[in-house]
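The analysis underlying the following values was restricted to heavy atoms, covering all of them including side chains, and did not include hydrogens, waters or symmetry mates.
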Amino acid sequence: MTAVTIGKFDGFHLGHRLLLEELREISREQKNEIPTCVCKIDFSGPGLLSRAEQSKVLEQYQIYRMRRLAFSEYFASQTPEEFVRRVLVSELGATHVVVGSDFCFGYNRTGNVDTLRQLGEKYGFRVIAVEKLRKDGEVVSSTRIRSLISEGRVEEAGVLLGQPVSYQGRVCHGRELGRTIGFPTCNLQADPEKLLPLYGVYQTEVLTPLGTYAGITNIGQKPTVEENGTPTIETHIPGFNGNLYDEEITVRLKRFLRPEKRFASVEELKEQLRIDVDCT
């Protein structure tokens, strides 16, 4: 027996969390005797949260199992009943299935909530459909949040996401140009599985093993010093003199300051960095 929720779950945003809360409530009603599981349909391309962040969200709802289903030609060719029989019944043993009210599944999206309920009657599981969450008159969706992040509107995106737009990783060595011009940076390699925001400079909050600090972060390809560089996340912490190499840090984006720009000289870059630091 398992209580299952199904979806793309690109970011476990506020709308998705209604489904997770419903799943947790079912478990409580059953005196925690029914395990819970998120059945996540994985599409190619970067997501809103890293895998580690996804796991942390699920832990908040006391959900410790996730079944990932790669979206493939075979997956897309299944009829609604084939999917239900193979995944929900045979593999997961679903007794409760939680979905959004607009849930569609199966070949050419021919199945919907009504289809799922009919199959539930046949295979012995209950279906709970949760209405879409709206904020400011619009549905909270991964598409909406992606658009906000791509426009640099990270504050608004963070509200809908349910947590700040953040990037985590181990601090690595870069070219260390920042150190030579008086603005040393903590460098993170961009996670190819996570969506990057509009390239530019952001006011940030930096969580480190040594404490939490205000920072200025450049996300992009550093056009002043590199041609067609790999995207990086470089954070300067004003007044910080510690060593964070090889340490795990989290950079939370608070506010977009300016687009990434190619400067005519390193001196011009330094002057702009002084202006950026005044924004911390």
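The main-chain N or O of Arg51 is found under 3.5 Å from a side-chain atom of Ser55 such that the two form a donor-acceptor pair. Looking at Thr115, its side chain does come within 3.5 Å of a backbone N or O of Asn112 through a donor-acceptor pair. The backbone N or O of Leu20 sits nowhere less than 3.5 Å from a side-chain atom of Arg17 that would complete a donor-acceptor pair. In this structure, Thr212 contributes its side chain and Leu207 its backbone to no donor-acceptor pair below 3.5 Å. Between the side chain of Arg252 and the backbone N or O of Ser166 there is no donor-acceptor pair closer than 3.5 Å. Within the 3.5 Å criterion, the main-chain N or O of Tyr202 finds no donor-acceptor partner in the side chain of Thr217. Checked by atom type and distance alone, the side chain of Ser101 never pairs as donor or acceptor with a backbone atom of Ala129 at under 3.5 Å. Side-chain N or O atoms of Thr208 include one that pairs as donor or acceptor with a backbone N or O of Leu210 at under 3.5 Å. Within the 3.5 Å criterion, the main-chain N or O of Leu92 finds no donor-acceptor partner in the side chain of Arg67. The backbone N or O of Phe75 sits less than 3.5 Å from a side-chain atom of Gln78, completing a donor-acceptor pair.
Residues Phe105 and Ile41 form no side-chain contact, since every pair of their non-hydrogen atoms from C-beta on lies 4.5 Å or further apart. Side chains of Leu88 and Ile6 form a contact here, defined as non-hydrogen atoms less than 4.5 Å apart. At a threshold of 4.5 Å between non-hydrogen side-chain atoms, the residues Val57 and Gln163 count as touching. Residues Arg65 and Pro35 have side chains not in contact (no heavy-atom distance under 4.5 Å, counting atoms from C-beta outward). Between Ile219 and Pro197 there is a side-chain heavy-atom pair separated by less than 4.5 Å. Residues His13 and Arg144 are not in side-chain contact: their nearest non-hydrogen atoms beyond the backbone lie 4.5 Å or more apart.
When only modelled atom types and interatomic distance are considered, Ser77 and Glu73 share no side-chain donor-acceptor pair under 3.5 Å. Looking at Tyr123 and Glu81, their side chains do bring a donor and an acceptor atom within 3.5 Å of each other. Side-chain N/O atoms of Asn108 and Thr110 include no donor and acceptor closer than 3.5 Å.
Between atom CZ of residue Arg24 and atom CD of residue Gln60 there is a gap of 9.0 Å, rounded to the nearest 0.5 Å. The OH atom of Tyr61 sits 12.5 Å away from atom CD of Glu25, with the distance rounded to the nearest 0.5 Å. Atoms CG and CD, on Asn187 and Glu234 in that order, are 4.5 Å from each other to the nearest 0.5 Å. Leu198 contributes atom CG, which lies 11.5 Å from atom CZ of Arg153 (distance to the nearest 0.5 angstrom). Atom-to-atom distance recorded for Glu155:CD and Leu148:CG is 11.0 Å, nearest 0.5 angstrom. For the atom pair Ile216 CD1 and Thr235 OG1, the distance stands at 9.5 Å (nearest 0.5 Å).
The local environment of CZ in Arg126 is sparse, with at most 12 non-hydrogen atoms from other residues, nucleotides or ligands closer than 6.0 Å. For Asp278, the CG atom sits in a packed shell: over 12 heavy atoms of surrounding residues, nucleotides or ligands are nearer than 6.0 Å. For CZ of Arg109, the number of neighbouring non-hydrogen atoms (other residues, nucleotides, ligands) closer than 6.0 Å is 12 at most.
No path of Ile, Leu, Val, Met, Phe, Trp and Tyr side chains, each step under 4.5 Å between heavy atoms, connects Leu19 with Ile34, placing them in separate hydrophobic clusters. Following chains of ILVMFWY side-chain contacts shorter than 4.5 Å, one can reach Val89 starting from Leu69, so the two form part of one hydrophobic cluster. No continuous path of ILVMFWY side-chain contacts below 4.5 Å connects Val130 to Val97, so the two sit in separate hydrophobic clusters. Side-chain heavy atoms closer than 4.5 Å link hydrophobic residues (I, L, V, M, F, W, Y) into clusters, and following such links, possibly through other members, connects Phe240 to Ile233. Cluster annotation: Phe83 is connected to Leu119 through the hydrophobic network of ILVMFWY side chains, with a link wherever side-chain heavy atoms come within less than 4.5 Å.
Salt-bridge check for Lys56 with Glu53: failed, with every basic side-chain N at 4.0 Å or more from each acidic carboxylate O.
The two residues Ile149 and Ala157 make their nearest non-hydrogen contact at CG1-CB, 3.6 Å. The nearest pair of heavy atoms linking Lys254 to Thr204 is CD-C, 3.9 Å. Contact record, Leu49 with Gln54: O-NE2, 3.2 Å, taken as the closest heavy-atom pair. The minimum heavy-atom distance linking Cys186 with Ile237 is given by the pair SG-CD1, 4.3 Å.
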Carefully, step by step, assess Arg134 and Val139 under the rule side chain to side chain contact (heavy atoms under 4.5 Å, CB included). CA-CA 4 Å; Arg134 291 180 175 271; Val139 170; 3.7 Å; yes
Exercise for review: Give the intermediate values and the outcome of side chain to side chain contact (heavy atoms under 4.5 Å, CB included) for residues His96 and Glu29.
Suggested key: CA-CA 12 Å; His96 299 72; Glu29 289 174 357; over 6 Å; no
Between Val206 and Ile249, is a side chain to side chain contact (heavy atoms under 4.5 Å, CB included) present by the stated rule, with each step listed?
CA-CA 7 Å; Val206 190; Ile249 69 170; 4.2 Å; yes
Kindly determine whether Leu196 and Tyr199 satisfy side chain to side chain contact (heavy atoms under 4.5 Å, CB included), including the steps that lead there. CA-CA 8 Å; Leu196 287 176; Tyr199 286 175; 4.2 Å; yes
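Using cut-offs of 30° and 60° for the angle between ring planes, the His16 and Phe9 rings count as perpendicular.
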